[in-house]
Protein chains: 4
Amino acid sequence: MKQKKPKYKQIIDAAVIVIAENGYHQAQVSKIAKQAGVADGTIYLYFKNKEDILVSLFQEKMGTFIEKIEEQIAGKESAAEKLYMLIQKHFSLLSEDCHLAIVTQLELRQSNKELRLRINEVLKNYLNVVDQIILAGKDSGEFSSTLDLRLARQMIFGTIDETVTTWVMNDQKYDLVSNAEKVQELLIYGFGKR
Amino acid sequence: MKQKKPKYKQIIDAAVIVIAENGYHQAQVSKIAKQAGVADGTIYLYFKNKEDILVSLFQEKMGTFIEKIEEQIAGKESAAEKLYMLIQKHFSLLSEDCHLAIVTQLELRQSNKELRLRINEVLKNYLNVVDQIILAGKDSGEFSSTLDLRLARQMIFGTIDETVTTWVMNDQKYDLVSNAEKVQELLIYGFGKR
Amino acid sequence: MKQKKPKYKQIIDAAVIVIAENGYHQAQVSKIAKQAGVADGTIYLYFKNKEDILVSLFQEKMGTFIEKIEEQIAGKESAAEKLYMLIQKHFSLLSEDCHLAIVTQLELRQSNKELRLRINEVLKNYLNVVDQIILAGKDSGEFSSTLDLRLARQMIFGTIDETVTTWVMNDQKYDLVSNAEKVQELLIYGFGKR
Amino acid sequence: MKQKKPKYKQIIDAAVIVIAENGYHQAQVSKIAKQAGVADGTIYLYFKNKEDILVSLFQEKMGTFIEKIEEQIAGKESAAEKLYMLIQKHFSLLSEDCHLAIVTQLELRQSNKELRLRINEVLKNYLNVVDQIILAGKDSGEFSSTLDLRLARQMIFGTIDETVTTWVMNDQKYDLVSNAEKVQELLIYGFGKR
DNA sequence: GATGAATGAGGCTTCATTCAT
DNA sequence: TATGAATGAAGCCTCATTCAT
């Protein structure tokens, strides 16, 4: 059977592998082309330039990422439960794709300011999901009515992100998912006694 | 008037300015030399190579950073107060040096993996201070005795870092320091009602 | 008309000319590229680095050199005749290519130790041809049976090389080839009376 | 006791050691200064520039070299004996100073064309001694009256030089001096039977 | 649509030499 | 005389992108 997967996705998947295995600065277009099994020039039939591959990669993966998280959250009643599912799914999705974890947590951050701004655009969709949970919590009375939306969002994202990054930098050698519950509890109740 | 400031510091300060204003990838050695008012070759009397400038920059600045934070924390009784002073000082030090804020939050993260590993070594000293606070809080009974040290550390650092990064990416246009108290409260009490 | 000659040879020939005309240390890659009529980067599609150009140059030219000499020697009966053809062809091949003579006698010797070691590897093929002649002469009884192979080889190569070098340093202003017979006689009979 | 040896010689001796141990291209002025125990700038009180160190080195060493050879030759009657003494002394002087051997046979040849031309000027004094021997041999009837002076000179120098170079490139691991007699015989009688 | 050979701009670093002390 | 900190010119190589086939 010939490769049915359109070249577009084929190239993005190749990029994830090449970047994860070689690092951002060693991920030349020619390497990605080779991994994807196409000629260098073919890349430019599907992407405007190299930056476009990376942004598309992030959009594509983050789109799927958010969809799956939204699915998980959909049925849940409480904000606490939603937050738990967000964290749990975030952790488990990255645990299941070690290449993607390396790329998003370490490699893509080496991109220049402009690219990172465009990546942040994509990230906003994720942050919107976070915001929905916080607002739901405030609405339902689970969270303090004086909770600052931006700070809460930064705390949730910052904590999750730092947790995943530490895990990746430790070569993913411990189980990330099993931390989900404690992370959620810390976010909701803080360090104080309960 | 002769330059009294030793060239070593002179070059590091020039590097901070050049990187902040031009971006990491546009911070050529020749630009740094020009900004420092020395010849290109002079750089190499004080630094082994370009990477050495960046690591030294981080060491020098982070060293001062940590010293100042430790001074602030020293007198405080409670862990809560110590945590507040950490955040407050962290925010105010970066607020006072907008160039340094850009460099540490955005530009230096574009460095390659090897350089970031060396930067992380320096960061460990900061994380040790954080750990001391958490342990003190557990000792004194302010924090839950079951509090996971690593998770708490990641939550504190992740939240602070994300907060500063967001502020820098928004062009430092709002007051960062005034958020210190709320961030501390969120960390200690979480999102729950009080 | 398209350049039919493959770029590999095109670049090597350009290198010979550039080195001969500008000297080893003034033979920048960009100059060679310009002379070859290709872009700087194209050089690196055919050669690993600058040193590789020089080693390849020597291999290529010395390969042809040895082939032609072997052709000449092939039919000859006596070692004396073979030695004469070796010298005669050595002199005439370099007389016909004044650029190559300058490069091999003067410029390539300025290369660093590592490069010269690699050049010496190539030279061994030439010295093997010399050895064959000496051994043939000893076998046939033309040369003394006590003749020391290494010394004889050094005397032949040293004399030929010094003769060519002197000629090149005198700007090739006298006829080299006409010395071939006398050089051969000197090697075979020495300075003594005959 | 303080260093009585004038700095001039001190620097030249340092240069020989530094070049022999590090190679021509790694023999920076600062390294020579350090080895000589003087400041970089001091070098320039005794030598016009780096090239001047190298030419002076060659002049100084070659001057002594020739003097010693002339001493040896002085008393000898026959040209054959003189030639033997020349070779024998040439070999033994270099055998006794392994640093100098490396410098003259390998490292100094990496110098550029201009420097080599100046070195050749110095070499002429050596070649004059060779010429005296050849002419004496022709006068006395030991050598053929039709012997070509230039060719004979090239054969003597080329053979000696190639012999020493081969010995140095083989890490001076066999005895050079013991080859003197056979080299002389080969030069005088050639490869023919005797 | 697919190829891949060719392009060419751009920067880190070394080291001989100077000159104020 | 002696010092040594400072100078600054100069070149190899990479790799994103194009375009003739």
Side-chain angles (χ1 to χ4, degrees), chain A residues 6-8 11 25-34 36-54, chain B residues 2-3 6-8 10-11 22 25-34 36-54, chain C residues 2-3 6-8 10-11 25-34 36-54, chain D residues 6-8 10-11 25-34 36-54:
Chain A
K7 290 216 165 55
Y8 176 80
I11 292 167
H25 290 292
Q26 283 306 306
Q28 294 86 353
V29 171
S30 61
K31 241 180 222 163
I32 296 173
K34 196 173 204 176
V38 300
D40 294 17
T42 307
I43 300 269
Y44 291 86
L45 299 175
Y46 295 91
F47 299 91
K48 212 166 72 245
N49 49 35
K50 188 181 178 181
E51 179 177 314
D52 191 30
I53 305 176
L54 304 175
Chain B
K2 288 268 181 62
Q3 282 285 358
K7 291 224 161 39
Y8 177 79
Q10 199 172 319
I11 292 167
N22 299 275
H25 291 293
Q26 281 307 305
Q28 295 86 350
V29 171
S30 60
K31 243 180 223 165
I32 295 174
K34 196 173 208 176
V38 299
D40 292 17
T42 306
I43 300 267
Y44 292 87
L45 297 177
Y46 297 90
F47 300 91
K48 219 168 62 247
N49 49 37
K50 187 180 176 182
E51 177 176 317
D52 191 30
I53 306 176
L54 303 174
Chain C
K2 287 269 183 59
Q3 281 286 356
K7 291 226 162 37
Y8 176 80
Q10 200 173 319
I11 292 167
H25 291 291
Q26 281 306 306
Q28 294 87 349
V29 172
S30 60
K31 241 180 224 164
I32 296 174
K34 196 173 206 175
V38 300
D40 291 18
T42 306
I43 300 268
Y44 292 88
L45 297 177
Y46 295 90
F47 300 91
K48 219 169 60 250
N49 50 35
K50 187 181 177 182
E51 178 176 315
D52 191 30
I53 305 176
L54 303 174
Chain D
K7 289 216 165 54
Y8 176 80
Q10 201 172 318
I11 291 167
H25 290 293
Q26 281 307 305
Q28 295 85 354
V29 172
S30 60
K31 242 181 221 163
I32 296 173
K34 196 174 203 176
V38 300
D40 293 18
T42 306
I43 300 266
Y44 291 87
L45 298 176
Y46 296 91
F47 298 92
K48 213 167 70 247
N49 50 34
K50 188 180 177 181
E51 179 177 313
D52 191 29
I53 305 176
L54 304 174

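The chains referred to below are lettered A, B, ... by the order of the sequence lines, with proteins before strands, and numbering in each begins at 1.
- Distance, B:Gln28 CD to F:dG8 P: 19 Å, rounded to whole Å.
- Of all the heavy atoms in B:Asn49 and B:Tyr44, the pair that sits closest is CA-CE2, 3.8 Å.
- For B:Thr42, whose side chain is taken as the heavy atoms from C-beta onward, the closest listed nucleotide among F:dA6, F:dA2, E:dC15 is F:dA6.
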*Go ahead and write out DNA chain F as dot-bracket, 5' to 3': ( ) for pairs within the strand, [ ] for ones crossing earlier pairs, | when the partner sits on another strand, dots for unpaired; Watson-Crick or G-U wobble, both distances under 3.5 Å.*
.||||||||||||||||||||
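- One side chain, C:Lys31 or C:Gln28, offers a donor N or O that lies under 3.5 Å from an acceptor on the other.
- Residues C:Asp40 and C:Ser30 approach most closely at OD2-CB, 3.5 Å, considering heavy atoms.
- Mapped onto DNA chain F by nearest heavy atom, C:Asn49 and B:Ala39 fall at different nucleotides, with B:Ala39 at the one closer to the 5' end.
- Heavy-atom nearest nucleotides on DNA chain F were determined for A:Ala27 and for C:Ser30, and the one closer to the 5' end corresponds to C:Ser30.
- Nearest nucleotide to the C:Asp40 side chain, out of E:dA6, F:dC13, E:dT17: F:dC13.
- Residue B:Val29 is classed as a base contact, given a heavy-atom separation below 4.0 Å to a base.
- The D:Leu45 side chain lies nearest to F:dA2 when the options are F:dA2, E:dA5, F:dT17.
- When each of F:dA2, E:dT17, E:dT14 is scored by its nearest atom to the side-chain atoms of D:Tyr44, the top-ranked nucleotide is E:dT17.
- In this structure, B:Lys31 places its NZ atom 14 Å from C1' of E:dC12, rounding to the nearest Å.
- Here the side chains of C:Asp52 and C:Tyr46 are not in contact, with every heavy-atom distance at 4.5 Å or above.
- At a threshold of 4.0 angstrom between heavy atoms, the contacts of A:Tyr46 are confined to the sugar-phosphate backbone, with no base atom among them.
- Minimum heavy-atom separation, A:Ile53 to A:Ile43: CD1-CG2, 3.7 Å.
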